[in-house]
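In what follows, a structure is listed as structure tokens, so that the remarks can point back to it.
Letters go in sequence order (proteins before strands), and every chain restarts at 1.
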Amino acid sequence: MPEKKSYRNTLNLPKTKFSMKANLVQREPQQRNLWSKEDIYGKIRERQSGSEFYILHDGPPYANGDIHMGHVINKVLKDFVMKYKTMCGYDAPYVPGWDCHGLPIESKVVAELGREVRQMNKLEIRRKCAKYANKYVKLQSKQFQELGIFGDFDNPYLTFQPGYEAGILEVFAELVDKGLVHKQLKPIHWSVGCETALAEAELEYKDITSPSIFVNFLVSEKSIEKLVEKGLLGEEAARNSKVSFMIWTTTPWTLAANLAVAVHPGLEYKVISYEQNGSRFVSIIAAERLEAVIGAGNLEEAKYTVSEKSVTGAELEGLRYKHPFVEEKPTDEDAYMVICATYITTEDGTGLVHIAPGHGIEDYVSGQQNGLGIYSPVNDDGCYDDTVPAWLKGKNVLEVDSQINAHLRETGALFAEDSIVHSYPHCWRSKMPVIFRTTEQWFIRVDKEMPGTGKSLRDSALEQVKDIKWIPEWGQKRITGMLESRPDWCISRQRSWGLPIPVFVNSEGQALLSKTSVLAVAARIVKKGSDSWFTDTPEELLGADFELPAGFSFDDLEKEENIFDVWFESGCSWYNTAYKKGWPVPVDLYLEGSDQHRGWFQLSLLPALGSIGKAPYKSVLTHGFTVDEKGMKQSKSLGNYVNAQDEVSKYGADILRLWVSSVNYQEDMRCNDELIGKSQDAYRKIRNTIRYLLGNLNDFNPKEDAVDYEQMLEIDKWALYHLGKLISGVLESYEHFAFHRVFSLVYNFCTVEMSNVYMDVLKDRLYCDGQDSESRRSGQTAMNRIVDSLVRLLAPILVHTAEEAWLQMEYKSEDVGSVHLASMPEADESIDYKPREENWEKIMEMRDKVLVVLEGLRQDKKIASNQEASVTIYSNDEEMKVLLDDFGLAEFAALCIVSEVKLQKGAEETTIVAEKSKHQKCQRCWNYWPSVGRNSDYPDLCQRCVKVVEQLQE
RNA sequence: GGGCUCGUAGCUCAGCAGGUUAGAGCGCACGCCUGAUAAGCGUGAGGUCGGUAGUUCGAAUCUACCCGGGCCCA
């Protein structure tokens, strides 16, 4: 036996610089530096200039802290869209923005300053806040860019830029002009200790012990008659008893501001008769609460009776009662009646709720709905004012509960008294319990008719929402529900770090707020920023030539010190970043987390409708949130938090991007380090597919070497057919923002069609056929198209890797220096492959059967590689015979990577038999072909290889 | 407590205008190759579709309720 010669160097083996190992963490930053040096984003803008716009308007993240997974998902999804749309030929600029004003920054700054802050004025605090915001804008900007996101990061929009601030005022001026802005009382959290309003973020919840009292409010005469009419109590009882509505409260001090009693319209109410302290009582209570109330009052059995008859809360509506200790009417509005409220539960209390619109949010809302006034007889320091009964005047509400209880006990109104431990908000600074107190705030009215339209903001929004495309569709339901139930928008805050609401007041308390006054201030702020509100005089702010309305003069003008709700600021971003630039509004897309239905989507829609009368967006896409591997919310305290920065520096941006693309963002996304790490498997497969294709194209110049489609081998046509299917599937998925379908289509293509079948089958031809043979060139022609398309399809997702591959391609479909300047591939519709496709399905089924048989041989140690096998198919299936004849047995053998396939006709049923080939092995191509040994110069080669080797030696 | 929403193999996704033994890829197990090599190939085992009750000749697909999540409110 002659010594085995190695023919390795006579083969056409793959060669490429596109390495197997990605080294993303090292390579990506280099790639980005290159992009930055070449101003790739600028080049894209230049190239697309003049094309149709596609505007995705960026929602501004809050400029605070490192970016987290939520940011990653949001920004990466946006980048998928932008890069895809760009490659589709649109002019799709991306202007990132940041939300820079507001309490989180101010709180942080104040906390960092500590005691120092007491000596500082608003201006100084604002400067610190600005510095803080700038710092985080810079940090987050860097972190976003490290994800491979393209955009105008040198010119972002920041909500505290003077130009942006002026824009907010310009929108505001329109709302003012339409009469949508007004001042109104509203209860807010108030710190008695600090004598200031508190925001939600400044509350600390602590358990405290509060009184728990049941109080009888006497029903008025006429209303008693109505109760008799309804059969709830007899006439005798009505005459001889104290007929009452019984309420329950844990804040007795608010009784002084009571204006109503609320019942649930759907609940059943009954009366209980009993004797207490020598008086006979008949109290109305929710049926479900009777037992608990009887327990609270320690009523002995047989000492009370409960009515058979019950009425619904709705039947009690409008009945009247007498306040237990307030004599005079506290407001101009009607009071002391029963109203309905659906938020009432039967978990505690009596099913009747004491309503003080001046001292509770729900009370306030109920009050508004029922035309009650707002009565808040408490001063800044937490003491009652002069409108309360004499015995309460000047008393601190936090210390007055026991006195009120005593008073109620003396007058016989107190049915029961106990204490309760519950969670209650406290001021973070003074640590004292917080109270609800009404203050004057500025509102945007959602139910006021807008001039010339006959519609309110709410009507208009509800109408517009139907014409907007919501992705997913249920977004429409969600925002509709929110719009239907939302109250007027409170836009004022009593804070330092924000844009001042430009309202002036004269000494008579009249406010100066008009379109012209707001625009005048806006003009000043463009030049001097919003700090000027704190430094400049009203005359300077408005301009000396500003025409003041009658009753106002510059000597008698004070500036209010309210700032805007930051949501109003971000809600005007469409104006500043699109409308003002002349870009088409509504813009094409807003894309944020689904929490923004309440937030940014809604609060951008309202200012836009109120100012330009149009929605700011044509479509809205929302994504879900990351949860841990069990589907639970992630938080630092639970220890299931995924640090986005760690993930990027561990795996690289492309892995994170691939992970984002792989999950269905419309739902919760399970996420932890392991799950993200698994994306590496898919990445490697995709990368290796590209590497193999590139490696086998290193000697292929499509201009000279390409083979015409008609001349190509069948399996190469098959590969192109699947490429076409891939392209159309991927483009359709991108079009629907279904990135996880893009991912699975591409990944499956790489794994199944390419790696498992095509690339494996192709090896013999690529490696062993003559370098310039038509058969080899046929395969390369297909591969060239495949890799060229694949890389472009992947470019929006694997931004770095696709670029790396693109730069390795010597000949590409488009002569552009970056894949991100290229266009999306198009599926070749001219080829109708359908008829062949059916045949292929049968061929592949047969192939599978062959492979199973071969696996059996392998298990029996008869063969090792498939090439050692000779296969015989016994078949009586005429169709199959035709197919095999049509397809070619040699081609079928190649498809199974066996050396030989024989067909035996006339068998009973189709059976496949395989055995070890009786032929010799070709030492070059490793096939066991009959032609091996026929050439005396090369006794160890097959004829094909002899030819190739001889050619090489010429 | 309310509004919206989700729950298919270990993982990521298909299927869901109701209809044959619920699919794919990965992972896993076993085996092969050593000319894509920190690669590649093959074979195989895994779900009864969150639960229950209905509608129906027939349900992962429709309805109700329940359980468990998520977002936003209260």
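A/Arg741 and A/Ser661 form no side-chain donor-acceptor contact under 3.5 Å, judged by distance and modelled atom types alone. For the residue pair A/Asn640/A/Asn672, the side-chain donor-acceptor check at 3.5 Å is not satisfied. Side-chain contact annotation: A/Asn698 with A/Glu810, donor-acceptor N/O pair under 3.5 Å absent. A donor atom on one side chain and an acceptor atom on the other are not found under 3.5 Å apart for A/Tyr767 and A/Asn696. Residues A/His354 and A/Thr254 have side chains that bring a donor and an acceptor to within less than 3.5 angstrom of each other. Under 3.5 Å, the side chains of A/Lys685 and A/Ser755 contain a donor-acceptor pair of N or O atoms. Checking A/Gln867 against A/Ser899 by side-chain atom types alone, no donor-acceptor pair falls below 3.5 Å. No side-chain donor-acceptor contact under 3.5 Å links A/Gln808 and A/Glu804. Side-chain polar atoms of A/Arg924 and A/Thr10 form a donor-acceptor pair below 3.5 angstrom.
Geometrically, A/Lys636 engages A/Tyr641 in a cation-pi contact defined by less than 6.0 Å to the ring centre and at most 45° from the axis. Cation-pi check for A/Arg657 over A/Tyr683 is not met; the charged atom does not lie both under 6.0 angstrom from the ring centroid and within 45 degrees of its normal.
Taking atom C1' on both B/C41 and B/A36, the two are 12 Å apart, rounded to the nearest angstrom. The separation of B/U48 from B/A22, taken at their C1' atoms, amounts to 8 Å, rounded to a whole angstrom. Nucleotides B/C4 and B/C49 have their C1' atoms positioned 24 Å apart, rounded to a whole Å. Nucleotides B/G47 and B/A14, compared at atom C1', are 14 Å apart to the nearest Å. The separation of B/U12 from B/G35, taken at their P atoms, amounts to 38 Å, rounded to a whole angstrom. B/G3 and B/C66 have their P atoms separated by 12 Å, with the value rounded to a whole Å. For the C1' atom pair drawn from B/U56 and B/C62, the interatomic distance equals 10 Å after rounding to whole Å. Across B/A53 and B/G58, the matching P atoms stand 15 Å from one another, rounded to whole Å.
Under 4.0 angstrom from either OP1 or OP2 of B/G35 there lies no side-chain N or O belonging to A/Arg765. In this structure, A/Lys15 does not reach the B/A36 phosphate: none of its side-chain N or O atoms is under 4.0 Å from OP1 or OP2. Between A/Arg684 and B/A36, a side-chain N or O to OP1/OP2 separation shorter than 4.0 Å is absent.
Pair assignment for B/A36 gives none, since no Watson-Crick or G-U wobble pairing has each distance under 3.5 Å. Base pairing annotation: B/C65 forms a Watson-Crick or G-U wobble pair with B/G51, both donor-acceptor distances under 3.5 Å. Pairing for B/U43 is with B/A29, a Watson-Crick or G-U wobble pair whose two hydrogen-bonding atom distances lie under 3.5 Å. Pairing partner, B/G19: B/C57, with both Watson-Crick or wobble hydrogen-bond distances short of 3.5 Å. In this structure B/U12 sits in a base pair with B/A24, meeting the Watson-Crick or G-U test at under 3.5 Å. Look at B/C4: its Watson-Crick or wobble partner, with both distances under 3.5 angstrom, is B/G70.
Taking atom CD1 on A/Ile897 and atom P on B/U43, their separation rounds to 12 Å, with Å as the unit. For A/Lys849 and B/G44, the NZ to P distance is 13 Å, given to the nearest whole Å. If you take CE of A/Met754 and C1' of B/C41, they are 16 Å apart, rounded to a whole angstrom. Distance, A/Asn748 CG to B/A24 P: 10 Å, rounded to whole Å. What separates CD of A/Glu753 from C1' of B/A24 is a distance of 11 Å, to the nearest Å. Here B/A24 presents its P atom at 18 Å from NE2 of A/His740, a figure rounded to the nearest Å. Rounded to an integer number of Å, the gap from A/Leu762 CG to B/G35 C1' is 14 Å. Between the OH atom of A/Tyr692 and the C1' atom of B/C41 there is a distance of 12 Å, rounded to whole Å.
Here B/G40 is in the anti range [glycosidic angle more than 90° from 0].
Only one option out of A/Leu731, A/Val742, A/Leu798 pairs with A/Leu793 in a side-chain contact (heavy atoms from CB on, under 4.5 Å); it is A/Leu731.
In this structure, of B/G35, B/U12, B/G40, it is B/G35 that holds the atom nearest to the side chain of A/Leu11. When distances are taken from the side chain of A/Asn664 to each of B/C41, B/C4, B/C13, the shortest belongs to B/C13. Residue A/Leu851 has its side chain nearest to B/U43 when only B/A39, B/G15, B/U43 are considered. Of the candidates B/C13, B/U12, B/G25, B/U12 carries the atom nearest the A/Arg670 side chain, counting heavy atoms from C-beta on. The A/Val663 side chain lies nearest to B/C13 when the options are B/G35, B/C13, B/A36. Of the candidates B/U5, B/G40, B/A38, the closest approach to any side-chain atom of A/Asp760 belongs to B/G40. Nearest to the side-chain atoms of A/Glu667 among the listed nucleotides B/U12, B/C6, B/G15 stands B/C6. The side chain of A/Trp926 approaches B/U34 more closely than any other nucleotide in the set B/A38, B/U34, B/U43.
Both A/Arg741 and A/Val757 lie near RNA chain B, and the one whose nearest nucleotide falls closer to the 5' end is A/Arg741.
Ionic pairing of A/Asp699 and A/Arg776 is present here: one or more N-O contacts between side-chain nitrogen and carboxylate oxygen are shorter than 4.0 angstrom.
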| field | Reading 5' to 3' through nucleotides 68-74 of chain B, protein heavy-atom contacts under 4.0 Å coded B for base, S for sugar-phosphate only, - for none | value | -BSBSSS
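Contact annotation for A/Arg486: no contact, since no heavy-atom pair falls under 4.0 Å across all strands. The residue A/Thr622 sits apart from the nucleic acid: no heavy atom pair falls under 4.0 Å.
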Please write out the pairs of protein N or O atoms and N or O atoms of nucleotides 26-31 of chain B separated by less than 3.5 Å, giving the distance to one decimal.
none

